[in-house]
Amino acid sequence: MRIASTVAAGLGLTGLLAGAVPALAHQPTRSAPTVTSAQHAPAATGAAYRHQRLDWGPCSAQQEELRAAGAECARVRVPLDYADPGGRTIQVAISRIGAKDRHERRGILLANPGGPGGTGLAYPLSLRPTLGEEADRYDLIGFDPRFLGESTPISCAPASPPVPPGDTTSPRQDFEATVRSARDTARRCGEHGDNATLLPHASTRNVARDMDVIRAALGERRLSYFGVSYGADLGAVFTQMFPRRSDRVVIDSSTDPAATQYELFQRAGEPLEEALDEWAGWAARRDATYRLGTTGAAVRASVRRLLDHAERRPVRVDGQRLDAPLIRLLLRQLIQHQEHDAALAGVVRDLVAADAGELTEPGPELAGLLELLRSPDLADSMVGGALFMCGDGGWPAGGWPTEPATYWRNTQLSRATQPVFGPLVNGMIAPCAFWRTAPAEPGTAIGNDVPVLMLQARRDNNVPYEGALALHRRLTGSRLITAEIRSHGVYGRGGEGLRPVPCADRAVNDYLRGGTLPATDQTCLPAGSGR
């Protein structure tokens with residue numbers, strides 16, 4: 001994935017911690033129409049949702065790429081609370097790029113880009129280059145999950161002006177700032193409008209139910225699906241809840257269904273440190289360019305010194321002070337893909353120079369990240385992610401300790417073996433610790449034999465490989481394609497300007513074409529590796 005999309009997706013998934021970037025805690029009200037508490041569906045029934053008439057038309061002006069592709073958009077009416085289908089309704093925005101080959105049309109292929117909190121109305125466009133001819137055989141369906149993007153929104157009250165880091169700080173002060181920000185986000189979201197009524201229904205299980213309503217409203221007996229990261233876990237939830245309505249399901253980069261979201265964050269610490277060692281060796285071989293050290297150990301020591309200093313005195317860059325939690329967050333996003341090794345080295349080089357008072361102007365990599373961190377879209381993804389992480393009663397997005405002391409204790413314990421990333425992944429105190437509403441139902445326990453094609457990078461340091469193996473064992477009808485690469489996401493990497501994994505791309509397209517899973521699990525090497 002491109003650097004910008006990687007940071008945005010990664011912060012949506014792993015950084016909902018508004019405290020890590022306190023300036024990004026405000027989610028502005030979106031332009032989509034709001035459903036007020038007075039709007040109800042009169043005597044709504046299941047059949048009314050399944051057989052509703054959709055009014056297709058041009059996509060909104062904001063969806064320039066969809067409009068250029070000739071897509072059409074509509075809104076699907078769904079219950080706010082599926083336990084009360086005759087009550088209040090909300091809308092889910094969907095897009096459609098129709099199959100070109102009507103004689104060979106297979107049905108619909110719904111797609112989700114992950115998050116949680118990610119919008120997906122235009123996401124199918126990013127899949128088309130790799131899908132190739134298979135894109136012509138499906139109606140490609142994108143959607144903004146409930147409460148996000150152009151669907152019926154949830155907005156939070158504006159945040160107070162952010163307080164920038166002071167000239168000096170400490171790990172405890174940084175942590176307390178995170179706690180204050182998480183508490184404030186929970187307050188702003190819980191007290192705003194009628195959010196207390198809406199928030200309990202922001203859950204993965206309800207998104208899966210919405211997907212089934214989309215399927216039925218489109219007149220399809222079954223639904224084919226592609227999802228990556230949180231979208232992969234969403235796909236697994238759909239197969240569990242609607243096994244007979246699942247057609248050709250592909251999930252890319254998934255997690256252990258027995259773990260809470262906080263535990264999943266914690267488990268990323270070790271693979272992140274291993275990725276740092278891999279990158280440090282790469283940078284050491286290019287010391288003439290980056291001047292970070294001639295050995296991997298020396299490069300790692302440069303990073304440690306940078307963080308040690310930032311934990312006492314935030315680094316000044318381009319008129320801003322960057323504290324250690326934010327620097328760790330930037331490192332995490334860039335280290336996900338080995339193709340970003342040079343960008344990571346450039347960022348670390350600039351930060352080291354800034355720490356020494358020797359940086360006159362940030363290079364393009366760091367300047368781009370700083371600009372992205374100011375993006376209102378990023379703020380939306382972070383608060384949008386909190387909606388589902390706090391609304392889920394368990395896997396795939398829920399499960400958060402409620403006591404700040406738990407996060408602090410785990411942060412301090414992690415420093416001995418995970419000095420760079422342990423404080424980040426253990427200290428991710430989400431607003432859920434202070435959320436005003438409780439989840440309406442528990443998370444989803446997975447155990448079914450629905451045919452599913454799974455993909456996972458062996459050195460994924462966002463959602464570790466062992467988690468995919470755990471889900472693979474629970475999905476007894478699945479096959480797993482393992483990519484020997486450091487990456488978060490396997491399918492369609494070539495379309496993102498990264499090194500593709502051709503045999504994984506072929507496996508997905510073959511499955512979507514013929515409906516037959518590979519006979520066995522497979523291992524794939526990236527392009528140029530001789531396999």
Side-chain angles (χ1 to χ4, degrees), residues 1-2 4-6 8-9 56-60 62-74 93-115 118-145 149-150 211 214-215 218 220 223-232 234-235 247-253 337 339 453 455 481 483 487-515 524 526-527:
M1 300 177 184
R2 295 178 296 273
S5 61
T6 299
W56 292 99
C59 299
S60 69
Q62 291 78 17
Q63 302 295 337
E64 295 179 3
E65 291 182 314
L66 282 172
R67 292 169 71 95
E72 52 188 351
C73 288
I94 66 172
S95 65
R96 178 172 66 185
I97 303 171
K100 291 182 180 179
D101 191 337
R102 306 308 296 180
H103 296 292
E104 298 293 330
R105 180 182 177 276
R106 271 287 313 153
I108 60 172
L109 177 63
L110 190 74
N112 182 274
T119 57
L121 209 58
Y123 180 57
L125 292 174
S126 69
L127 302 177
R128 292 175 84 191
T130 309
L131 284 169
E133 293 180 356
E134 299 318 305
D136 296 339
R137 297 186 173 95
Y138 288 87
D139 289 348
L140 302 181
I141 308 297
F143 74 110
D144 285 345
E150 297 188 15
M211 289 164 54
I214 292 170
R215 172 203 60 79
L218 292 174
E220 299 292 333
L223 175 151
S224 292
Y225 178 81
F226 177 89
V228 62
S229 196
Y230 167 79
L234 171 61
D247 193 1
R248 300 174 186 184
V249 176
V250 181
I251 60 176
D252 185 342
S253 306
H337 300 276
E339 290 87 352
L453 182 61
L455 298 93
I481 306 293
S487 173
H488 182 55
V490 173
Y491 182 74
R493 284 169 47 85
E496 296 284 356
L498 303 177
R499 196 176 178 191
V501 185
C503 84
D505 291 347
R506 286 195 300 271
V508 171
N509 291 354
D510 289 348
Y511 178 50
L512 292 175
R513 180 186 310 112
C524 294

Review point. Any side-chain heavy-atom pair from Leu131 and Tyr138 closer than 4.5 angstrom?
Key: no
Check your understanding: Could you give the distance from OG (Ser487) to CD (Glu496), rounded to the nearest 0.5 Å?
Key -> 10.0 Å
Point to revise | Ion pair Arg137/Glu134, N-O distance below 4.0 Å | key: yes
Exercise for review: Determine, for Arg102 against Asp139, whether the closest basic-nitrogen to carboxylate-oxygen distance falls under 4.0 angstrom.
Suggested key: yes
Practice item. Find out whether Arg106 and Asp247 are in side-chain contact, i.e. whether some heavy atom of one side chain is under 4.5 Å from a heavy atom of the other. Key: yes
Point to revise | Contacts of type salt bridge (Lys or Arg N to Asp or Glu O under 4.0 Å), residue Arg215, not counting sequence neighbours | key: Asp212
Practice item. Go through the steps for Glu220 and Arg105 under the test salt bridge (Lys or Arg N to Asp or Glu O under 4.0 Å), then give the verdict. Key: CA-CA 12 Å; Glu220 299 292 333; Arg105 180 182 177 276; 2.7 Å; yes
Practice item. Can you measure from CG (Leu66) to SG (Cys73) and round to the nearest 0.5 angstrom? Key: 5.5 Å
Practice item. Could you tell me whether a side-chain N or O of Arg499 sits under 3.5 Å from a main-chain N or O of Glu339, the two making a donor and an acceptor? Key: no
Check your understanding: Could you state the interatomic distance from CZ (Arg248) to CZ (Arg513), rounded to the nearest 0.5 Å?
Key -> 10.0 Å
Revision key, fill the gap. Partner of Tyr491 under side-chain hydrogen bond (donor to acceptor under 3.5 Å, both in side chains), picked from Thr130, Asn509, Asp252, is Asn509
**Study point:** Pairwise distance CG(Leu140) to CD1(Ile108) - rounded to 0.5 angstrom
**Key:** 10.5 Å
Review point. If you look at every heavy atom in Tyr123 and Pro113, which pair is closest and at what distance?
Key: CD1-CB, 3.5 Å
Exercise for review: Classify the side-chain pair Ser95/Glu72 by whether it contains a donor and acceptor separated by less than 3.5 Å.
Suggested key: no
Check your understanding: Do Ile94 and Trp56 come close enough that some side-chain heavy atom pair is under 4.5 Å?
Key -> yes
**Study point:** Pairwise side-chain contact, Met211 with Leu234, heavy-atom cut-off 4.5 Å (strictly under)
**Key:** yes
**Study point:** Separation between NE2 of His337 and CG of Leu498, rounded to the nearest 0.5 Å
**Key:** 6.0 Å
Review point. Within the side chain of Asp136, is there an N or O that forms a donor-acceptor pair under 3.5 Å with the backbone of Ala99?
Key: no
Check your understanding: Does the side chain of Leu455 reach to within under 4.5 Å of the side chain of Ile251, using non-hydrogen atoms?
Key -> no
Practice item. May I have the step-by-step check of side chain to side chain contact (heavy atoms under 4.5 Å, CB included) for Val249 and Leu453, ending in yes or no? Key: CA-CA 6 Å; Val249 176; Leu453 182 61; over 6 Å; no
Review point. Is it true that a side-chain atom of Ser253 and a backbone atom of Gly489 form a donor plus acceptor pair closer than 3.5 Å?
Key: yes
Check your understanding: Any side-chain heavy atom of Val490 within less than 4.5 Å of one from Ile481?
Key -> no
**Study point:** Close side-chain approach of Leu218 to Ile141, heavy-atom, < 4.5 Å
**Key:** yes
Practice item. Provide the closest heavy-atom pair for Ala504 versus Cys524 in the form atom of the first, atom of the second, distance. Key: N-SG, 3.5 Å
Point to revise | Gap separating the OG1 atom of Thr119 from the CG atom of Asp144, nearest 0.5 angstrom | key: 5.0 Å
**Study point:** Which atom of Ala527 lies closest to which atom of Pro502, heavy atoms considered
**Key:** N-CD, 3.6 Å
**Study point:** Side chain to side chain, Asn112 and Pro145, heavy atoms closer than 4.5 Å
**Key:** yes
